[in-house]
Amino acid sequence: MNFYVMTLFPEMVSSGLSASILGRASERDLLSVETINIRDYADNKHNKVDDYPYGGGAGMLMQAQPVVDAHRALTERIGRKPRTVYVTPWGRVFDQKIAEDLAQEEDLIFLCGHYEGIDERALELVATDYLSIGDYVLTGGELPAMVMIDCISRLIPGVLHNDESAQTESFTDDLLEHPQYSRPEVFEGMEVPPVLLSGHHKNIETWRRQQSLLRTLKYRPDLLQKAQGLTKADLAFLKEQGFEP
Ligand code: 4HQ
């Protein structure tokens with residue numbers, strides 16, 4: 001997967017995505033992240049890319065010309081027009097399903113606005129998808145683009161270790177994670193649940209499943225309502241906890 005991020009703050013994006021798991025995946029050529037500095041496409045000698053909004057109002061707007069020229073140069077270089085995501089609070093709210101869909105693409109372009117956003121005509125010309133990461137207002141689209149790239153990247157085969165990726169395959173998708181413990185066995189008087197030290201794999205699996213169900217019931221009952229892979233045993237356990245679908 002090749003990600004292209006069009007932004008006025010390329011170093012914010014490249015530094016944020018070059019560490020840890022994504023950095024390792026880039027080095028192994030499982031993915032690439034290229035930033036395009038929209039300012040490089042300013043057609044004036046002061047490299048100005050923003051201006052006041054017609055009709056008045058607070059703040060500045062990114063102008064259409066450098067955005068459209070940058071996008072044109074990029075798509076000509078790629079040799080086709082990949083899906084181009086504009087990140088904005090009025091987009092569809094990004095979720096795991098959308099990530100799975102985008103992970104099927106060979107190339108993806110993210111367009112990041114700053115200030116009060118981008119001249120509508122540029123969006124009309126380049127954007128194919130409008131996506132949000134949630135109902136709150138940020139200063140720019142860079143962090144949302146990075147959130148989406150991170151989420152999509154871990155779905156690319158080979159990016160995660162096999163034991164990590166196994167998780168995404170199963171029905172645990174719709175449930176919250178069970179609690180986890182590592183050494184020491186006792187920390188500040190608090191013990192690790194004995195079942196986890198028992199070596200009894202079947203019991204451990206049952207305990208973890210029930211903890212996931214309990215945690216989801218407590219913190220995100222809305223997820224349980226739409227959970228797909230609940231077994232008869234799951235439903236019986238939930239019924240004991242007072243949950244009726
Ligand atoms: N933005 N999810 C870019 C957001 C946002 C969000 C605010 C995007 C500013 C210029 N984007 N504009 N939430 O708050 O995607």
Side-chain angles (χ1 to χ4, degrees), residues 1-18 22 31 33-44 46-75 81-105 107-156 220 222-223:
M1 162 81 77
N2 304 305
F3 297 105
Y4 302 89
V5 186
M6 300 173 53
T7 170
L8 291 176
F9 299 91
E11 65 295 331
M12 179 178 175
V13 176
S14 49
S15 64
L17 297 176
S18 59
L22 267 55
L31 60 88
V33 181
E34 184 184 324
T35 56
I36 292 91
N37 191 340
I38 295 169
R39 195 175 299 281
D40 291 346
Y41 293 85
D43 65 358
N44 58 85
H46 300 105
N47 290 334
K48 199 171 86 75
V49 293
D50 60 343
D51 209 333
Y52 300 95
Y54 280 120
M60 303 288 273
L61 212 55
M62 285 169 65
Q63 293 167 285
Q65 174 271 319
V67 171
V68 171
D69 284 353
H71 189 265
R72 205 164 271 148
L74 177 60
T75 55
K81 284 186 175 171
R83 285 171 78 176
T84 299
V85 176
Y86 181 58
V87 289
T88 169
W90 39 267
R92 258 194 312 160
V93 178
F94 184 75
D95 63 11
Q96 197 66 30
K97 267 211 168 59
I98 296 175
E100 281 164 18
D101 175 41
L102 293 175
Q104 308 307 311
E105 302 292 326
D107 304 287
L108 269 183
I109 302 175
F110 286 89
L111 173 58
C112 305
H114 228 86
Y115 317 117
E116 294 306 305
I118 302 182
D119 186 307
E120 190 69 19
R121 294 166 295 184
L123 303 181
E124 255 179 65
L125 287 172
V126 311
T128 59
D129 297 74
Y130 297 96
L131 294 177
S132 166
I133 60 165
D135 293 339
Y136 37 80
V137 182
L138 303 166
T139 58
E142 286 76 15
L143 287 168
M146 290 160 73
V147 164
M148 294 180 204
I149 290 169
D150 185 284
C151 181
I152 295 163
S153 294
R154 64 183 287 291
L155 299 175
I156 297 168
R220 293 294 307 276
D222 58 307
L223 294 181

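Every number for a ligand or one of its atoms is a count from 1 in the order of the listing. Excluded from the calculations below are hydrogen atoms, water molecules and symmetry mates; all remaining heavy atoms, backbone and side chain alike, are included.
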**OP:** Report yes if some N/O of L138 lies less than 3.5 Å from some N/O of ligand 1; otherwise report no.
**Re:** yes

Original post:
Does an N or O anywhere in H114 fall below 3.5 Å from an N or O of ligand 1?
Top reply: no

**OP:** List for me each residue that meets ring pair (Phe, Tyr, Trp, His ring centres under 6.0 Å) alongside Y52, sequence neighbours excluded, and say none if there are none.
**Re:** none

Original post:
For V49 and N44, what are the C-alpha separation, side-chain angles and deciding distance, and is it a side-chain contact (heavy atoms from CB on, under 4.5 Å)?
Top reply: CA-CA 9 Å; V49 293; N44 58 85; over 6 Å; no

Return all side-chain donor-acceptor pairs below 3.5 angstrom for residues 59-70, not counting sequence neighbours, or 'none' if the list is empty.
from : atom 1 : to  : atom 2 : distance (Å)
Q63  : OE1    : D50 : N      : 3.4
Q65  : NE2    : Y41 : O      : 2.9
Q65  : NE2    : D69 : OD2    : 2.7

Atoms in ligand 1 flagged as close to [X], the criterion being non-hydrogen separation under 4.0 Å:
X	answer
V137	14 (O)
G134	13 (N)
S132	2 (N), 15 (O)
T88	11 (N), 15 (O)
G141	3 (C)
Y115	10 (C)
G140	3 (C)

Subject >> Nearest neighbour in protein (non-hydrogen) for atom 2 (N) of ligand 1 >> reply: I133 N, 2.9 Å

**OP:** Name the closest protein heavy atom to atom 13 (N) of ligand 1, giving the residue it belongs to and the distance to 0.1 Å.
**Re:** Y136 O, 3.0 Å

Original post:
Would you say F94 touches ligand 1, if touching means a heavy atom closer than 4.0 Å?
Top reply: no

Original post:
Should the ring pair Y130 and Y86 be called parallel, tilted or perpendicular, given that the plane angle runs from 0 to 90° and is split at 30 and 60?
Top reply: perpendicular

Original post:
Is any side-chain N of the basic residue among R220 and D222 closer than 4.0 Å to the acidic one's carboxylate O?
Top reply: yes

Subject >> Ionic contact status for D51 with K48, cut-off 4.0 Å >> reply: yes

Subject >> Stepwise salt bridge (Lys or Arg N to Asp or Glu O under 4.0 Å) test for R121 and D119 >> reply: CA-CA 6 Å; R121 294 166 295 184; D119 186 307; 2.7 Å; yes

Subject >> Residue that, paired with C112, satisfies side chain to side chain contact (heavy atoms under 4.5 Å, CB included) out of M146, M6, E142 >> reply: E142

Original post:
When rounded to the nearest 0.5 angstrom, what is the spacing between CD1 in I156 and CE in M1?
Top reply: 5.0 Å

Subject >> Heavy-atom proximity to atom 8 (C) of ligand 1, best of L143, V85, V87, L61 >> reply: V87

